[in-house]
Enquirer: 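I'd like to ask you about the structure that follows.
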Number of protein chains: 2
Amino acid sequence: MRVSLKDVAEQAGVSIKTVSNVVNKYEHVTPATREKVQAAIDALGYRPNLTARHLRKGRTGIIALAVPELGNPYFAELAGAVVDTAAEHDYTVLLDHTQGRRERELLVTQGFRARVIDGLILNPLELEAEDLASRTDEAPLVLIGERRYDLPYDHIAIDNIAAARAAVRHLLDIGRRRIAFLGARGDRHSHPAHLRLLGWQAELAASGVTADEALIARVEGWDRADGATAMAALLDAGQHPDAVFAYNDLIAIGAMRVMAERGLRVPQDVAVVGFDDLTEGRYGAVTLTTVAPDKRAIARMAVESIVGRLTDGPPEEAPGGGPRQLQPEFALLERESTVGRSAGPPLD
Amino acid sequence: MRVSLKDVAEQAGVSIKTVSNVVNKYEHVTPATREKVQAAIDALGYRPNLTARHLRKGRTGIIALAVPELGNPYFAELAGAVVDTAAEHDYTVLLDHTQGRRERELLVTQGFRARVIDGLILNPLELEAEDLASRTDEAPLVLIGERRYDLPYDHIAIDNIAAARAAVRHLLDIGRRRIAFLGARGDRHSHPAHLRLLGWQAELAASGVTADEALIARVEGWDRADGATAMAALLDAGQHPDAVFAYNDLIAIGAMRVMAERGLRVPQDVAVVGFDDLTEGRYGAVTLTTVAPDKRAIARMAVESIVGRLTDGPPEEAPGGGPRQLQPEFALLERESTVGRSAGPPLD
DNA sequence: CTGAAAGCGCTAACAT
DNA sequence: ATGTTAGCGCTTTCAG
């Protein structure tokens, strides 16, 4: 029992165009006809077929968001912000998991949803510049996250090096000197420079503290279990860091769990700083000091980048000019894992 | 530079239909023409317009998932599972936030994405039976979560009462008698029965333990902050529970934070059981005993319900018969918050 | 095995 | 203010 404009038109005794006018709230319609048409719409239970509208208009109002996986709260929180922001612009979000696999990232990039998505927001992990360079799909693409490519796409990310330096600076300020970095990526794939690791190195160097290679712990992934494994490995290797700067909050949380099991006190024995400001970090037995990227700003910039490109055309033709590197704000939130219980309201 | 079947057909010197045959991997095409057409496709960079295909076929391969919000890790983890399961069935997931607001839940239900989504998975919070009874949209709908309606829609949820009873049983078994329930919903909206609360009452009654109303703490929401507030209120009211059964893990985690601040030891002073088995609960300083619903099973059942309805027609016509109540498995995972550090491997 | 033509339901010119 | 008509790009009879 699918009912179309034509059915409504017949029922109301008007043309298809008039019904369309009513449906689309076109102004110049006599109240009388409008009423008549509306009655027919209600009687038949008519609903516009959006697919047909999309085909005709060449737009769908759908943007895709591709993240490694929602099991990671950072991406979940970010995805939530994107969904909300998109809704404000009358867009809906289609969600894809890349699992951080290059082939999946490549696939979403190559327009496998051609013409059903108006644009794509991608957080790449494994994608290489050449993968992107060969992209032919014309839907606007905006990249988010730590990886940078020298390509004509908008890119949104905080200044990771500066953020990492701020975290390490804080640890130095509270008197720590043996500061471990947890979360370097194994170099199996000859991964490009790791900005947060570079920040760690840079800040230590600037302060005349030796960046001890033995204090760099590598991980296989970025989850809590990886943090636990990395921390255990570090301790088992006989290292005695007095502070840990973790690639992200999940790794920090996994590391803290291992410390708790081994009787190490946070922050007295080991101070900990994470990255991402997950809500989770605010509710542990010891709240987590962290670098807080402005997730809502990231979501807003990403969505507005897409919407803007859709409105103004591709970078080359856009009034504002070419591709942009946007840097949302970040803040270092000092909590118990570095400054102890006394500092400020506990749940902030 | 959008290129259509027609363009490819001209380039290859064949008809539109032949190109279509090649694109859709129709078998009976001469290798020669196939090759010719493929060459044209590559030369022109042709990609099928899926919107047009959808209009023609009346299917889009998109299913919508509407949850309160992704900031809640339970829904994030569930959404992740749905995305993965849907992908296995060649479906993509469109994500909606309802914020637990009745009007938003109503909206997604009423086919505001008419004909662009093939089906809808909804976790309602505030929706009433009458809202659903008036639904006219014909896309298959499947409900998930605690709320039950006596309506012809598939519903997927664990046996919440049995699960709650198992949790309370466990607390009784380890000798607790003053067991608080954290997370009853304020009755402003004359909310329907709260299955987990009912389970708490039932198990206490079955064991001859008085269900003390004063040990029921109400919440405004289901986040960590709500758990913290509820626990603080309970303690401030002079209550001294020796155990807490929380509506979900987030509330349990918020409550544990408050206990830590006030010097109450878990589980020695207060044992805690949560609900949902969030990964987060496995990594606190004290790991959290919890009721673990089989999230992947929920996701699978939900997706397969939709896919099945799409294949077999609506419940009335389906071979298997009418709407189904599906109950995935659950398990009680005993961890440190009830049985202390000694029990088993710490990170399980 | 391939071609011609109809039509999915809608919007946008162009008429009237 | 309303009607007519031509596609958007594809799949699908139906011929050949």
Side-chain angles (χ1 to χ4, degrees), chain A residues 1-38 40-41 44-62 111-118 137-139, chain B residues 1-38 40-41 44-62 111-118 137-139:
Chain A
M1 139 151 189
R2 49 185 50 166
V3 25
S4 74
L5 273 188
K6 204 174 84 181
D7 303 317
V8 178
E10 281 171 11
Q11 167 92 2
V14 297
S15 85
I16 229 177
K17 165 69 165 141
T18 304
V19 181
S20 177
N21 281 341
V22 172
V23 170
N24 293 295
K25 306 193 199 310
Y26 180 64
E27 293 194 37
H28 307 291
V29 184
T30 331
T33 44
R34 179 187 302 279
E35 207 168 311
K36 197 168 54 180
V37 170
Q38 189 58 51
I41 288 176
L44 268 46
Y46 168 76
R47 296 196 171 281
N49 180 326
L50 298 184
T51 299
R53 186 179 288 175
H54 295 163
L55 173 59
R56 182 61 233 232
K57 305 189 88 155
R59 290 280 176 82
T60 63
I62 298 174
F112 79 123
R113 292 280 167 204
R115 306 243 153 261
V116 1
I117 61 168
D118 285 347
D137 192 47
E138 42 207 271
Chain B
M1 125 121 206
R2 48 184 50 168
V3 25
S4 74
L5 275 188
K6 204 174 83 178
D7 302 319
V8 178
E10 282 172 10
Q11 169 91 5
V14 299
S15 84
I16 251 180
K17 165 69 166 140
T18 303
V19 182
S20 176
N21 281 341
V22 172
V23 170
N24 293 295
K25 306 193 199 309
Y26 181 64
E27 295 194 34
H28 306 292
V29 183
T30 335
T33 43
R34 179 185 302 281
E35 206 166 313
K36 196 169 53 179
V37 169
Q38 190 57 52
I41 287 176
L44 268 46
Y46 168 75
R47 295 197 172 281
N49 180 326
L50 297 184
T51 300
R53 184 178 290 176
H54 294 163
L55 173 60
R56 182 62 232 232
K57 305 189 87 154
R59 289 280 176 82
T60 62
I62 298 175
F112 78 124
R113 292 281 167 202
R115 306 242 156 262
V116 3
I117 62 169
D118 285 347
D137 192 47
E138 43 207 271

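Letters A, B, ... are given to chains in the order of the sequence lines, protein chains preceding strands, and every chain is numbered from 1. What you see below is based on every heavy atom in this structure, not just the backbone, and it leaves out hydrogens, waters and symmetry mates.
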Enquirer: Going 5' to 3' along DNA chain C, which are the first and last nucleotides with any atom under 4.0 Å from a heavy atom of chain B?
Expert: C:dC1 to C:dG9
Enquirer: Does A:Ser15 place a side-chain N or O at less than 4.0 Å from the phosphate oxygens OP1/OP2 of D:dT4?
Expert: no
Enquirer: Where along nucleotides 10-16 of chain D does protein come under 4.0 Å, by heavy atom, of base (B) or sugar-phosphate alone (S), with - for untouched nucleotides?
Expert: BBB----
Enquirer: Could you tell me the separation between the CG atom of B:Asp7 and the P atom of D:dG7, rounded to a whole number of Å?
Expert: 15 Å
Enquirer: Roughly how far, to the nearest 0.5 Å, is the CG atom of A:Leu50 from the CG atom of B:Leu55?
Expert: 11.5 Å
Enquirer: Only pairs under 3.5 Å count here: list side-chain donor-acceptor contacts from residues 29-36 of chain B, not counting sequence neighbours, and write none if there are none.
Expert:
from, atom 1, to, atom 2, distance (Å)
B:Thr33, OG1, B:Thr30, O, 2.8
B:Arg34, NH2, B:Tyr26, O, 3.2

Enquirer: For the residue pair A:Ser20 and A:Val23, establish whether any side-chain heavy-atom pair is separated by less than 4.5 Å.
Expert: no
Enquirer: Just verifying a value: how many Å separate A:Asn21 CG and A:Ile16 CD1, rounded to the nearest 0.5 Å?
Expert: 11.5 Å
Enquirer: Check the phosphate of D:dA1 against A:Thr18, side-chain N and O only, distance under 4.0 Å to OP1 or OP2. Yes or no?
Expert: no
Enquirer: Any pair with a residue in residues 47-62 of chain A that passes side-chain hydrogen bond (donor to acceptor under 3.5 Å, both in side chains), sequence neighbours left out, goes on the list, sorted by first then second residue, please.
Expert: A:Thr60-A:Asp118
Enquirer: Nearest 0.5 Å, please: how far is CG in A:Leu44 from CD in A:Glu10?
Expert: 10.0 Å
Enquirer: Under the side-chain hydrogen bond (donor to acceptor under 3.5 Å, both in side chains) test, which residues partner B:Lys6, sequence neighbours left out?
Expert: none
Enquirer: Do you know the tightest heavy-atom contact between A:Ala40 and A:Ala12?
Expert: CB-CB, 3.8 Å
Enquirer: Using both pair distances under 3.5 Å as the test, note the stems of at least 3 consecutive Watson-Crick or G-U pairs that include DNA chain C.
Expert: C:1-16 with D:1-16
Enquirer: Do you know the tightest heavy-atom contact between A:Ala114 and B:Pro48?
Expert: CB-O, 3.7 Å
Enquirer: Could you tell me whether B:Thr51 contacts a base, only the sugar-phosphate backbone, or nothing, with contacts defined as non-hydrogen atoms closer than 4.0 Å?
Expert: nothing
